[in-house]
Number of protein chains: 2
Amino acid sequence: MPARERRQVASDAGLSKKRVVAEAVRLADREGVAELSMRRLARALGAGAMSLYYYVASKEELLDAMIDVVFEEIELPPEGTDWQSAMRRRAISARQVLARHPWAIGLMESRTSPGPANLRHREAVTACLRRAGFSVLMATHANWLLDSYVYGFALQEAGLPFDGADEFADMAEDVFLPQLPPDEFPYLNESAAVLAAAGYDPAEEFTFGLDLVLAALEPLRVPT
Amino acid sequence: MPARERRQVASDAGLSKKRVVAEAVRLADREGVAELSMRRLARALGAGAMSLYYYVASKEELLDAMIDVVFEEIELPPEGTDWQSAMRRRAISARQVLARHPWAIGLMESRTSPGPANLRHREAVTACLRRAGFSVLMATHANWLLDSYVYGFALQEAGLPFDGADEFADMAEDVFLPQLPPDEFPYLNESAAVLAAAGYDPAEEFTFGLDLVLAALEPLRVPT
DNA sequence: TTCGTACATCGTACGTCGTACGATGTACGA
DNA sequence: TCGTACATCGTACGACGTACGATGTACGAA
């Protein structure tokens, strides 16, 4: 009921767009985006459901803002190093962030207009590539390729029901192998068996493809 | 009301799981997956809402089945050619199919267990790579890399508000450039201007990255 | 011919959702 | 002192997924 002292930034108790969006992200991380409803979010904030609409025009706008928060968490490519190291860092950061907020990947499909953090990120990446000697066209190619890899990897990773080598080995032996008839899926059986025996860790998969892509992009630039 | 003659395959008029799922895919393609409700789907089939539950245990199961229909549409890597041509064809097919059903990308994030068509696809791809001389580990790397690229590209493409070079040029000049302050986003401005002037077609972007990736994978195999 | 049973269909109802609308209280400048 | 802008929220509406149970049809067995 009370209007509290006005501030640009969120006060510790009062609501604000920042606080609403941040709590929404926390809720989605914890319970999945399907469980995120305006009523639940309001309850988590100790407010009435309709109070949220003072800070957010609609649930769609809330989801847009949540995605932009995720982009804010991704490290920009650092300046002052070679382009490969810079792009490597930002890709690894992006993958970490998207693993923390897997729902973000699913939301991206339906959202067309990028938020401010997204734009800032694209600008920084493009700047890094252009300064490294990529032409506008080649920088565009590199951008598409790198982003596709990062997003696609995160999408696949989000669907994995295990983390780490141990869980993978357990799942492979207890779930995959028994469910895959060897005569119908001989190669998948072979893969599951060999990988589990070798202590394969899917978490290390990311850097392999990333480094391959970075190396493949190197000849496309004209060093200045 | 009437029970109609029993058949394994869907008769022309009666309901069946196949028909329900197919109509759901059509509805999602046309209106977006957010507009897909059990009631709307039933109406489109000329049935009552609850009738669908005779063929589908829940909406979740329906969504799973829809995704598997999408995987069925993707061409398997053809046998009898070199591995690069085979993987190239199936990647291009996958990208086409996912562009036709963009909602599928968004659904994948929340779904962990692959359907039968998905499994058949993975088996065929793994077989192709193994027969081309990739070790189990290298085939796994290649699989992850290629799938990440394809899915990630489709995800980004789904978010694009334009198709083809003309629409891109229009958007770049009418929307992007006016919305991006040149002092804050100099490189994005440069890119938009140069690409629009050069008649850049985002539809051709896919094969560039794909061929780069395929070439980068080539040295990883041990030809037999 | 009768009748039980399995198949297929659907109406109703419940709890939840997003949110339009308008009421209410507070703080502050005039 | 009072109007106005800010901030909060209760109520209500239509749509959602689906549990439950009723209903009708076809067909094999008696």
Side-chain angles (χ1 to χ4, degrees), chain A residues 1-25 27-28 30-67 103 106-107 110-111, chain B residues 1-25 27-28 30-67 103 106-107 110-111:
Chain A
M1 290 74 144
R4 55 191 51 76
E5 69 265 46
R6 219 61 35 83
R7 311 207 188 164
Q8 275 95 302
V9 187
S11 80
D12 45 279
L15 288 179
S16 71
K17 176 153 182 174
K18 242 193 164 69
R19 245 169 68 76
V20 168
V21 176
E23 186 63 35
V25 167
L27 236 169
R30 194 153 20 92
E31 317 254 11
V33 75
E35 300 302 312
L36 172 66
S37 78
M38 300 301 274
R39 287 176 229 255
R40 278 200 64 169
L41 176 55
R43 212 179 310 135
L45 288 162
M50 291 311 291
S51 301
L52 305 183
Y53 286 89
Y54 187 77
Y55 301 99
V56 154
S58 64
K59 190 179 185 181
E60 285 295 300
E61 194 194 282
L62 172 66
L63 295 174
D64 284 340
M66 290 169 66
I67 291 206
W103 44 265
L107 288 185
S110 50
R111 257 129 262 287
Chain B
M1 295 69 145
R4 56 191 50 76
E5 69 265 49
R6 218 63 33 85
R7 312 206 187 164
Q8 276 95 302
V9 187
S11 80
D12 45 279
L15 288 179
S16 72
K17 177 153 181 173
K18 240 190 163 70
R19 244 170 68 75
V20 168
V21 176
E23 186 63 35
V25 168
L27 235 171
R30 194 154 19 92
E31 318 254 10
V33 75
E35 299 303 311
L36 172 66
S37 78
M38 300 301 274
R39 288 176 227 254
R40 278 200 64 168
L41 176 55
R43 212 179 311 136
L45 288 162
M50 292 310 291
S51 302
L52 305 182
Y53 286 89
Y54 187 76
Y55 302 98
V56 156
S58 64
K59 189 179 185 181
E60 286 295 299
E61 194 195 282
L62 172 65
L63 296 174
D64 284 340
M66 290 168 66
I67 291 206
W103 44 266
L107 288 185
S110 50
R111 255 128 264 287

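Throughout, a chain's letter reflects where its sequence line sits, starting with A, and its residues are numbered from 1. Basis for what follows: all heavy atoms, side chains included, without hydrogens, waters or symmetry-related copies.
- Judged as a side chain to side chain contact (heavy atoms under 4.5 Å, CB included), and not counting sequence neighbours, B/Ala34 has no contacts.
- Nucleic acid contact for A/Ala42: none, since no nucleic acid atom lies under 4.0 Å from a heavy atom of the residue.
- Taking CD of B/Glu61 as the start and OH of B/Tyr55 as the end, the distance is 13.5 Å to the nearest 0.5 Å.
- Using a 4.0 Å cut-off, no side-chain N or O of A/Tyr54 falls inside it from OP1 or OP2 of D/dT8.
- Here the side chains of A/Glu31 and A/Leu36 are not in contact, with every heavy-atom distance at 4.5 Å or above.
- Remark: A/Ser51 is not in phosphate contact with D/dA7, judged by side-chain N or O atoms under 4.0 Å from OP1 or OP2.
- Here salt bridge (Lys or Arg N to Asp or Glu O under 4.0 Å) pairs that include residues 42-59 of chain B, with residues two or more places apart or in two chains, number zero.
- A search for side chain to side chain contact (heavy atoms under 4.5 Å, CB included) contacts involving B/Ser51 returns B/Leu15, B/Ala47, not counting sequence neighbours.
- A/Leu15 places its CG atom 11 Å from the C1' atom of D/dC9, with the value rounded to the nearest Å.
- Computed from coordinates, the A/Glu61 CD to C/dT19 C1' distance equals 14 Å when rounded to whole Å.
- We find the CD-OG distance between B/Glu60 and B/Ser110 to be 6.5 Å, quoted to the nearest 0.5 Å.
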Any protein N or O atoms within reach of nucleotides 16-19 of chain D? Criterion: under 3.5 Å, listing atom names and distances.
unit_1: D/dC16; atom_1: OP1; unit_2: B/Ser37; atom_2: OG; d: 3.0
unit_1: D/dG17; atom_1: OP1; unit_2: B/Met38; atom_2: N; d: 3.4
unit_1: D/dG17; atom_1: OP1; unit_2: B/Lys59; atom_2: NZ; d: 2.7
unit_1: D/dG17; atom_1: OP2; unit_2: B/Met38; atom_2: N; d: 2.8
unit_1: D/dG17; atom_1: N7; unit_2: B/Arg39; atom_2: NH2; d: 2.5
unit_1: D/dG17; atom_1: O6; unit_2: B/Arg39; atom_2: NH2; d: 2.6
unit_1: D/dT18; atom_1: OP2; unit_2: B/Tyr53; atom_2: OH; d: 2.8
unit_1: D/dT18; atom_1: OP2; unit_2: B/Lys59; atom_2: N; d: 2.9

Convert the base pairs of DNA chain C into dot-bracket notation, remembering that pairs crossing earlier ones are written with [ ] and that bases paired across to another strand are shown as |; include only Watson-Crick or G-U pairs under 3.5 Å.
-> ||||||||||||||||||||||||||||||

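- With rounding to the nearest 0.5 Å, the separation of CG in A/Leu45 from OG in A/Ser16 is 9.0 Å.
- Remark: B/Glu35 pairs with no residue by the side chain to side chain donor-acceptor pair (under 3.5 Å) rule, at least two apart or across chains.
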